[in-house]
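Taking it in order: structure first as structure tokens, then the write-up.
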Amino acid sequence: MDLAQAEFKQAMQRLAGGVCIITTAAADGRRNGLTVTAVCSLSAEPPMLLVSLNKASNTYNAVVANRNIAVNILSEQDHSLAETFSRKIPPEEKFLTGDWTKGVTGAPILRSSVAAFDCELDWVIEVATHGLLLSKIRKSISADRPWQSLLYSGGNYCAVSGPARQKYDTDARLRASV
Ligand SMILES: Cc1cc2nc3c(=O)[nH]c(=O)nc-3n(C[C@H](O)[C@H](O)[C@H](O)COP(=O)(O)O)c2cc1C
């Protein structure tokens, strides 16, 4: 690693990131997944997300082949899953822990996540070592309970609390706006 890279890594470590598990499934049911922080909102109309994955990861190749991707936002209680999914181990071993279900796209959804996005992969832009995955959201799922989102900063996991209760009620919002 040259000096510029080392300085970049040292500075980037200070950017606290929400920890997510990216998952995908093939038509024959084979699953892949990895831990990430490089997720950002891309567009609300239509709802879209951007995820940056290292092209050397197994999950990158699987997502590009499967064209489905779920973004599972982790709660503090699932920090051991973040560790598991950041390891280079056979993909099915990663799914031995956690309560997983299948989204409408087929991608694995973690029931204990604080929120999850079930997406179709639209575009891939390859930049240097990474691929930027631009995905259209088919379904957004928010847990109806208080949450503590898992964060990663300076090489450590920590957590931030959400409000005690928040239910997204579209009908009530529409009624309030007329
Ligand atoms: C907190 C944390 C955040 C990470 N963020 C990313 C990321 O945004 N993109 C990425 O490609 N890898 C990221 N990684 C590394 C992958 O999780 C790791 O390389 C993993 O072993 C890849 O697994 P796979 O090859 O089975 O897909 C992160 C790891 C940790 C611990």
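Starting from 1, each residue takes its place in the sequence as its number. Counting starts at 1 for both ligands and their atoms, following the listed order.
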Any Glu83 heavy atom less than 4.0 Å to ligand 1: no
Closer than 3.5 angstrom, by distance alone: can the side chain of His130 be matched with the main-chain N or O of Val127 as a donor-acceptor pair? no
For Asn68 and Thr24, which I'm curious about, is there any donor-acceptor pair between the side chains at under 3.5 Å? yes
Thinking salt bridges, do Arg111 and Asp99 make one under a 4.0 Å N-O criterion? yes
Any side-chain heavy-atom pair of Thr35 and Val19 under 4.5 Å: yes
Show the atoms of ligand 1 that are less than 4.0 angstrom away from any heavy atom in Lys88. 21 (O), 24 (P), 25 (O)
Nearest protein heavy-atom contact for atom 26 (O) of ligand 1: which residue, which atom, what distance? Lys94 NZ, 2.8 Å
Could you check whether Glu120 and Thr105, counting side-chain N and O atoms only, form a donor-acceptor pair closer than 3.5 Å? no
Starting from atom 29 (C) of ligand 1, find the nearest protein heavy-atom neighbour and note its residue, name and distance. Thr35 O, 3.9 Å
Could you list which atoms of ligand 1 come closer than 4.0 Å to a heavy atom of Arg87? 21 (O)
Atoms of ligand 1 less than 4.0 Å from Leu34 heavy atoms? 16 (C), 22 (C), 23 (O), 27 (O)
Contact with ligand 1 for Thr37, non-hydrogen, under 4.0 angstrom: yes
Atoms of ligand 1 under 4.0 Å from any heavy atom of Leu53, numbered from 1 in the order shown, are 11 (O)
Among protein heavy atoms, which sits nearest to atom 9 (N) of ligand 1, and what does the distance come to when rounded to 0.1 Å? Ser52 O, 3.1 Å
So if I count the atoms of ligand 1 from 1 in the order they appear, which ones are less than 4.0 Å from some heavy atom of Asn54? 10 (C), 11 (O)
Taking only heavy atoms of Thr59, which atoms of ligand 1 are found under 4.0 Å from at least one of them? 24 (P), 27 (O)
Classify the angle between the aromatic ring planes of Phe85 and Phe95 as parallel (below 30°), tilted (30 to 60°) or perpendicular (above 60°). perpendicular
What is the nearest protein non-hydrogen atom to atom 21 (O) of ligand 1, stated with its residue, atom name and distance? Ser86 O, 2.8 Å
Tell me whether ligand 1 is touched by Tyr157 - counting only heavy atoms on the residue side and a distance under 4.0 Å. yes
Just by distance, do the side chain of Asn72 and the backbone of Ile21 share a donor-acceptor pair under 3.5 Å? yes
Specify whether the nearest protein heavy atom to atom 24 (P) of ligand 1 is under 4.0 angstrom away. yes
Need the ligand 1 atom indices (1-based, order shown) with element for anything under 4.0 Å from a heavy-atom of Ala38. 8 (O)
Cys20 side, atom SG; Asp78 side, atom CG - distance, nearest 0.5 Å: 12.0 Å
Chi angles and distances behind the side chain to side chain contact (heavy atoms under 4.5 Å, CB included) call for Asn32, Ile22: CA-CA 8 Å; Asn32 270 277; Ile22 300 295; over 6 Å; no
Any side-chain donor near an acceptor of the partner, Asn54 and Thr129, under 3.5 Å: no
